[in-house]
Amino acid sequence: MSISLKLAAAILAGAMAIAPALYADDLPEVAVVHQIIDLNADTPAHAFRFEPKFLQVPAGSTVRFKGSTGRHTVTSIRPMIPEDARSFEIRGKPELDLTFEHEGVYGIRCRVHGRHGMVMLLVVGDPNANLENARVHLPNLGEAERAEFEELFTYLEAQNG
């Protein structure tokens, strides 16, 4: 191999190694939510859960939902999401990214295991955009879902003063 070809290859390899570092700030961070089935858990609420069950991100963030396989779903609760946001349901996907543009709270459950309290609260930007409307819906939920959401709303209020 000639010296100029070796030099060109070294420069190209160096540029490729540096390029990701130069553009790392341009890449959005992706928050990850896992759906957990823990057969060793002591209660159904611990056996079927989202981790984390509370997530706060800025508007425009992408959230990667992992583990929506088998009978699991990631299902938005229509009265508990911002009015201008789209409802969503993920099923049969080991991994799927969703981007959240509309500020507010998003009540999310597993359609099958929600009855065991498998819910999560996603807060995008300012929670006050629909916080009161979401809370009004709590009496319409099952006992385990309602109890989990009440805990999550209490946590949210403690975090945001």
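Side-chain contact between Arg109 and Ile77 is present, with heavy atoms from C-beta onward closer than 4.5 Å. The shortest distance between side-chain heavy atoms of Arg135 and Phe153 falls below 4.5 Å. Residues Lys66 and Val33 are not in side-chain contact: their nearest non-hydrogen atoms beyond the backbone lie 4.5 Å or more apart. Taking 4.5 Å as the limit, some side-chain heavy atom of Ile108 sits within range of a side-chain heavy atom of Phe88. Side-chain atoms of Ser61 and Phe100, non-hydrogen and from C-beta on, never get closer than 4.5 Å to each other.
A side-chain donor-acceptor contact under 3.5 Å links Asn130 to the backbone of Val105.
Contact check on Glu151 versus Lys53 returns a salt bridge, with a Lys/Arg side-chain nitrogen under 4.0 Å from an Asp/Glu carboxylate oxygen. Electrostatic pairing of Glu95 and Arg64 counts as a salt bridge here, judged by a charged N lying under 4.0 Å from a carboxylate O.
Every side-chain hydrogen bond (donor to acceptor under 3.5 Å, both in side chains) that Glu51 has, sequence neighbours left out, goes to Arg49. Residues that satisfy the side-chain hydrogen bond (donor to acceptor under 3.5 Å, both in side chains) test with His34, not counting sequence neighbours, are absent from this structure.
Taking both residues in full, the closest heavy atoms of Leu141 and Met80 are given as CD1-SD, 4.0 Å, listed atom of the first, atom of the second, then distance.
Outside the 6.0 Å centre-distance limit, the rings of Tyr155 and Phe149 are not counted as a close aromatic pair.
Considering Thr75, Leu96, Thr73 in turn, Leu96 is the only one that fulfils the side-chain contact (heavy atoms from CB on, under 4.5 Å) rule with Ile90.
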